[in-house]
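A short write-up of the structure that comes next.
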Amino acid sequence: MNTPVLRRGATFLSADILAAAALTACTTASAGAGTPLPAPAPAEALAAAIPHGVRVSQEVGNKRIAIAFLDLAINHKKPREAADRYLGAPYIQHNPQIADGKEAFVAWAEAFIAAAP
């Protein structure tokens with residue numbers, strides 16, 4: 001018996017979820033004082049969006065991991081825990097304004113969270 005495989009629809013859905021997570025982090029950072037923000041969706045809720053028993057591509061799985069990482073680091077304000085759980089050594093940062101390595105990410109995330117609580 002063949003297990004269904006999600007294809008383009010799941011990839012687009014995951015890209016939309018990733019974009020929503022990034023927008024949540026950016027909106028949190030740019031919102032003015034007193035501006036109510038919606039509560040971020042926990043990573044478990046995002047992971048539950050794919051039905052049990054459905055195989056997904058590696059790309060979709062990678063996006064789910066990226067969302068869980070950002071959710072824990074930024075939305076839940078636990079960058080050290082997120083770095084320890086999700087970042088390998090060596091960690092190469094693709095943002096040219098942040099140095100490579102776990103410690104550089106943690107320092108950046110802590111400053112980001114402090115600037116936009």
Side-chain angles (χ1 to χ4, degrees):
M1 177 194 283
N2 290 339
T3 304
V5 176
L6 294 178
R7 296 197 193 287
R8 286 218 185 272
T11 301
F12 292 136
L13 173 66
S14 294
D16 290 345
I17 292 171
L18 182 59
L23 287 175
T24 299
C26 292
T27 303
T28 302
S30 63
T35 304
L37 295 173
E44 295 79 24
L46 296 173
I50 297 175
H52 178 70
V54 175
R55 294 184 308 171
V56 297
S57 69
Q58 183 173 353
E59 178 183 1
V60 171
N62 289 347
K63 288 178 183 179
R64 289 172 59 191
I65 292 169
I67 290 167
F69 167 67
L70 289 173
D71 183 52
L72 182 60
I74 305 299
N75 294 332
H76 293 282
K77 301 177 181 170
K78 298 179 180 178
R80 169 109 22 229
E81 184 178 334
D84 289 342
R85 185 181 299 180
Y86 293 104
L87 300 182
Y91 172 65
I92 299 171
Q93 175 57 254
H94 297 287
N95 181 337
Q97 298 177 345
I98 305 171
D100 290 345
K102 288 183 183 184
E103 291 306 314
F105 169 79
V106 171
W108 171 84
E110 287 174 346
F112 178 81
I113 291 166

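Predicted model only: the values in this text are computed from it and were never measured.
When all heavy atoms are compared, the tightest approach of Ile65 to Tyr86 is CG2-CD2, 3.8 Å. The minimum heavy-atom distance linking Gln93 with Ile98 is given by the pair CG-O, 3.5 Å. For the pair Phe105 and Ala83, the tightest heavy-atom approach, listed with the atom from each and the gap, is CD2-CB, 4.4 Å.
Each of Glu59, Gln58, Arg64 was evaluated against Asn62; a single residue qualifies, Gln58, per the side-chain contact (heavy atoms from CB on, under 4.5 Å) test.
Judged by distance alone, with hydrogens and angles left aside, the side-chain atoms of Lys102 form no donor-acceptor pair with the main-chain N or O of Tyr91 at under 3.5 Å.
Listed by chain and residue number, Lys77, Pro79 satisfy the side-chain contact (heavy atoms from CB on, under 4.5 Å) test with Ile113 (two or more places apart in sequence, or in another chain). Evaluation of the salt bridge (Lys or Arg N to Asp or Glu O under 4.0 Å) rule for Glu103 yields Arg80 as partners, not counting sequence neighbours.
Taken to the nearest 0.5 Å, the CG atom of Asp100 stands 10.5 Å off from the CG atom of Asn95.
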